[in-house]
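Presented below is the structure to which this report refers.
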Amino acid sequence: MRNVAIVGIGYTPVFVSKRRDVCIPEMISEAVENAFRNSGLTPADIDAVVFGNMQTFEGVNLPHLWSADYIASLGKPVMRIATGGTTGMSAFHAGYYHIASGLHDVVMVVTYEKQSEGDSQVGLLGIITPEIMAMLAAGIDVTGQKGMGAIGGGSAGGISYQATSYLHHSGAGIEHIDAIAAMERRNAAKNPYAHLKDPEATAEKIAQTPLISWPIRFGHVCPTSDGATVCILASEEKAAKLADKAAWVWAVANCASDATTGNLIEGIITDPAEQMPAQIAAKQAYERAGIQDPRREIDYVEIYNGFAHQTLMFLERIGMCEVGEAHKLLEKGELEMNGSLPVNASGGVVSTNAIGTSALNRVTECALQIMGQAGEHQVEKEVHKALAHGWGGLMQYVTITILADKPKKL
């Protein structure tokens, strides 16, 4: 295996709910051009492209083909990835292995979502329909017995079940979800690319938003965003020639379990707050990175949090703190940008969610923190190692990436 570094990052000018001024390929090209501009690279430097988005959300197939002119992929190998919320990080992992294996030297990862040109709920329905059909074929009651009624509420229905379980087992309260949501909206106000921003956000303001399904409030929920993100990866030999500053990949890992809406064989419900895949993936990533004490050795964390409680829940599941400790760290201010364990200085997914990009944004935001290029949302402490987390599928597929400020000793 070879060392791999991030040498270029590009975003669309801003993530918003509707980009009516550009079509999808034009929007993607903004991020591609910014990545080239920021890195000093050209299309000729790119050996291969990995492309990611959830095509069902826009209702179009093969977007990587009709975007070819706009992503500088003509004549180059292209791999397309779609794994739900983890699409961005799954695409990043594919790009990483392209280089670590010796297949290519420089790979560009291109991700996007333009939800204003589609219907994400229809897309989600298309994804879950095969599972529901399999449940019906297996004789499982999907009308409300055994907890299956939760899926009728869409993502909020299943997530409220997860949040309730998390609060029960952690000792946290809904007021802590309000507080973490407010913290991340304040952080987003310092991020020029973020979607939902509120420099004056408070837990009290979040608590005044409508309740969707207890304990989930409107203020706890991510937006539907339009935007694109590009990340250029290079081998150690190429990185030395291409970049003055780089963020180095120390470990990648992923894990999936049975879908949390139900076990098709035995008809039982697994607890979506348990997140065993997160525990397994994190353990594998720490072992591969040689990290023995994550709380001490990891300086910064980006959590994929489509819903605000997940920041706290996943911090515990990936071993950054003990079960029941995350909300206490929040109360002490340790998760703030000037705290001992800064989390989601970018504003997180709860502030910006162009789904195909969201998990990759966790990686690129960690890289910006390591390279000291996060601008106004740069955390106060020096960041030598950072962890990016993603989740997708049906709440049961987790990806982990660990980055550092220097190459890993192989």
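At least one donor-acceptor pair closer than 3.5 Å links the side chain of Gln369 to the backbone N or O of His377. Asp198 places a side-chain N or O within 3.5 Å of a backbone atom of Glu200 that can act as its donor or acceptor partner. Side-chain atoms of Tyr300 come within 3.5 Å of backbone N or O of Ala345 as a donor-acceptor pair. Between the side chain of Thr86 and the backbone N or O of Ser90, no donor-acceptor pair lies under 3.5 Å. Judged purely by atom type and a 3.5 angstrom limit, Thr12 has no side-chain atom pairing as donor or acceptor with the backbone of Glu30. With hydrogens and angles ignored, the 3.5 Å screen pairs a side-chain donor or acceptor of Thr202 with a backbone N or O of Lys205. Counting only distance, with no hydrogens or angles, the side chain of Lys190 and the backbone of Gln378 share no donor-acceptor pair below 3.5 Å. In this structure, Asp47 contributes its side chain and Val106 its backbone to a donor-acceptor pair below 3.5 Å. Of the possible donor and acceptor atoms, one in the side chain of Lys408 sits under 3.5 Å from a partner among the backbone N and O of Arg288. Within the 3.5 Å criterion, the main-chain N or O of Cys222 finds no donor-acceptor partner in the side chain of Asn353.
The pair Arg19-Asp21 meets the salt-bridge criterion, since a charged nitrogen lies less than 4.0 angstrom from a carboxylate oxygen. With salt bridges taken as basic N to acidic carboxylate O contacts below 4.0 Å, one links Asp105 and Arg2. A salt bridge is defined here as a Lys NZ or Arg NE, NH1 or NH2 lying under 4.0 Å from an Asp or Glu carboxylate O, and Glu117 with Lys114 meets this definition.
Under the 4.5 Å side-chain criterion, counting only non-hydrogen atoms from C-beta, Ile402 is in contact with Tyr286. Residues Thr364 and Phe92 are not in side-chain contact: their nearest non-hydrogen atoms beyond the backbone lie 4.5 Å or more apart. For the pair Glu58 and Tyr112, the minimum side-chain heavy-atom distance is below 4.5 Å. Between Tyr166 and Glu316, some side-chain heavy-atom pair lies under the 4.5 Å cut-off.
Separation of atoms CZ (Arg217) and CD1 (Ile206) is listed at 9.5 Å; rounding is to 0.5 Å. With values rounded to the nearest 0.5 angstrom, Asn53 atom CG is found 7.5 Å from Thr87 atom OG1.
Partner Asp299 forms a side chain to side chain contact (heavy atoms under 4.5 Å, CB included) with one of Val383, Asp405, Leu387 and no other, that one being Val383.
Between Phe314 and Trp391, the angle of the ring planes stays under 30°, which puts this pair in the parallel group of the 30/60° scheme.
Residue Asp244 places its CG atom among 12 or fewer non-hydrogen atoms of other residues, nucleotides or ligands, all under 6.0 Å distant. Taking a 6.0 Å sphere around CD of Glu382, one finds it holds 12 or fewer heavy atoms contributed by other residues, nucleotides or ligands. Remark: Lys283 NZ is loosely packed, at most 12 non-hydrogen atoms of other residues, nucleotides or ligands lying under 6.0 Å away.
Of all non-hydrogen atoms in Gly356 and Glu113, the two that sit nearest each other are N-OE1, 2.8 Å. Nearest heavy-atom pair, Ala194 versus Ser346, reported as atom, atom and distance to 0.1 Å: CB-O, 4.2 Å.
Judged by distance alone, the side chains of Ser340 and Glu334 do bring a donor and an acceptor atom under 3.5 Å apart. Between the side chains of Asn344 and Glu184, at least one donor N or O sits under 3.5 Å from an acceptor N or O.
For Tyr11 and Tyr193, the ring centers sit closer than 6.0 Å to each other.
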